[in-house]
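All ligand and atom numbering here is 1-based and tracks the order in the structure.
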Amino acid sequence: MGGIKLTKIKVFTNILQANDNIAQKNREIFDKNKVYTINLMSSPGSGKTSLLERTIDLIKNELRIAVIEGDLQTTNDAERIEKYGIPVVQINTEGACHLDANMVNSVLESFNFKAIDLLVIENVGNLVCPASFDLGEDDKVVMVSTPEGDDKAIKYPVMFYRAGVLLINKIDLLPYTNFDRSKIKKDALNINPGIKIWEISCRTGEGLEAWVDWLREQVEKKLAG
Ligand SMILES: Nc1nc2c(ncn2[C@@H]2O[C@H](COP(=O)(O)OP(=O)(O)O)[C@@H](O)[C@H]2O)c(=O)[nH]1
Ligand SMILES: [Mg+2]
């Protein structure tokens with residue numbers, strides 16, 4: 001019985017190794033073209049697509065943005081982004097709970113990277129699996145929203161350990177929840193002392209300037225590098 005368990009672990013390790021090799025190829029493409037790339041992750045409904053809509057609105061006149069949408073089934077999110085007139089590709093994972101590097105690699109030829117500064121990959125809504133699959137991104141961004149509860153960092157530590165940024169969304173709903181901001185911040189910083197944290201509302205726009213300033217800085221660094 002013990003042997004079966006060990007075999008499973010080995011298979012998963014091999015899958016991750018294969019994924020990392022393709023992620024490295026993606027990274028080379030992003031680096032060569034100086035495209036700053038983000039892997040945006042959260043539970044379903046936290047507000048990933050809303051953040052994209054807001055962000056595009058705020059910086060589309062300064063930065064050339066493109067989006068990869070990951071979803072189990074629909075093209076709903078890509079349709080929302082398409083309205084902004086920026087390049088967007090939808091990947092349907094057909095049941096898989098995360099994007100992997102190969103899925104991303106297979107759509108990269110759809111983009112003209114010479115004309116893109118910032119690529120945002122909206123991952124499948126899930127706080128577990130996406131954390132383990134490198135896509136070749138520069139930074140992982142994790143979002144939680146106030147109605148989800150403030151225990152997400154301690155429950156899903158791998159995600160918070162790997163993310164460079166934590167966005168606490170739906171801050172406008174704070175008065176209607178028992179969400180304790182100081183608790184999740186403390187937990188996230190215990191897991192990952194370097195994580196940057198911003199409170200935002202994609203409904204009211206609160207806090208989004210700081211987020212967009214940071215994004216701008218990252219894109220500039222990538223262009224200069
Ligand atoms: N009140 C409130 N609702 C939000 C906020 N951000 C997103 N929503 C709503 O939350 C729902 C899910 O948002 P969506 O962007 O589709 O989440 P995703 O599944 O993570 O991409 C939608 O009904 C949004 O309008 C916010 O800051 N405040
Ligand atoms: Mg979405």
Less than 3.5 Å apart, any donor N or O on the side chain of Lys48 or Ser42 sitting next to an acceptor on the other?
yes
May I ask whether Ile59 and Val88 are part of the same hydrophobic cluster, defined by side-chain heavy atoms of I, L, V, M, F, W, Y residues being less than 4.5 angstrom apart, directly or through others?
yes
Measuring from non-hydrogen atoms of Gly125 to any atom of ligand 1, is the shortest distance under 4.0 Å?
no
Does Glu122 approach ligand 1 within less than 4.0 angstrom via side chain, backbone, both or neither, non-hydrogen atoms only?
side chain
Counting from 1, what ligand 1 atoms have a heavy atom of Leu173 closer than 4.0 Å?
1 (N)
What is the closest protein heavy atom to atom 17 (O) of ligand 1, and at what distance does it sit?
Gly47 N, 3.1 Å
How about Lys183: does its NZ atom have over 12 heavy atoms from other parts shown lying under 6.0 Å from it?
yes
Between Phe133 and His98, how do the two ring planes meet: parallel, tilted or perpendicular, split at 30° and 60°?
parallel
Restricting to N/O/S, name the atom of Glu122 that gets closest to the Mg ion (ligand 2).
OE2
Any nitrogen or oxygen of Ile200, side chain or backbone, less than 3.5 Å from one on ligand 1?
no
For atom 3 (N) of ligand 1, find the nearest protein heavy atom and state the residue, atom name and distance (0.1 Å precision).
Arg203 NH2, 3.5 Å
Provide, to 0.1 Å, the distance between atom 12 (C) of ligand 1 and the closest protein heavy atom, together with that atom's residue and name.
Gly45 O, 3.4 Å
Is it true that Glu199 and Lys185 make a salt bridge, defined as a side-chain N closer than 4.0 Å to a carboxylate O?
yes
Kindly identify the option in Glu206, Glu53, Lys48, Lys170 whose heavy atom sits closest to atom 8 (N) of ligand 1.
Lys170
Atom 24 (C) of ligand 1: the protein heavy-atom neighbour that sits closest, reported with distance to 0.1 Å
Ser50 OG, 3.8 Å
Out of Asp172, Asp71, Thr49, indicate the one that has the non-hydrogen atom closest to atom 28 (N) of ligand 1.
Asp172
Decide whether Thr75 and Gln90 meet the rule of one side-chain donor and one side-chain acceptor closer than 3.5 Å.
no
Test item: side-chain donor near acceptor, Asn33 and Lys114, under 3.5 Å
yes
Does Val141 offer a backbone N or O that forms a donor-acceptor pair with the side chain of Asn39 under 3.5 Å?
no
Out of the N/O/S atoms in Asp77, what is the name of the one closest to the Mg ion (ligand 2)?
OD2
The atoms of ligand 1 lying under 4.0 Å from a heavy atom of Ser201, numbered in the order shown, are 27 (O)
Under-4.0 Å protein heavy-atom contact, atom 20 (O) of ligand 1:
yes
So for Arg80 against ligand 1, with non-hydrogen atoms under 4.0 Å, the contacting part is side chain
Taking Gly194's backbone N and O only, do any of them form a donor-acceptor pair with Asn192's side chain (distance below 3.5 Å, no angle check)?
yes
Salt-bridged, Asp57 to Arg54, with N to O below 4.0 Å?
no
Any idea which protein heavy atom is nearest atom 27 (O) of ligand 1, and the distance to it?
Cys202 N, 2.8 Å
Any N/O pair Pro44/ligand 1 closer than 3.5 Å:
no
Where is the nearest protein heavy atom to atom 6 (N) of ligand 1: which residue, which atom, and how far?
Asn169 ND2, 3.1 Å
Under 3.5 Å, is there a donor on one side chain and an acceptor on the other for Asp172 and Ser201?
yes
Assess the side chains of Asn105 and Asn26: does a donor N or O sit below 3.5 Å from an acceptor N or O?
yes
Check whether any N, O or S atom of Thr49 sits under 2.8 Å from the Mg ion (ligand 2).
yes
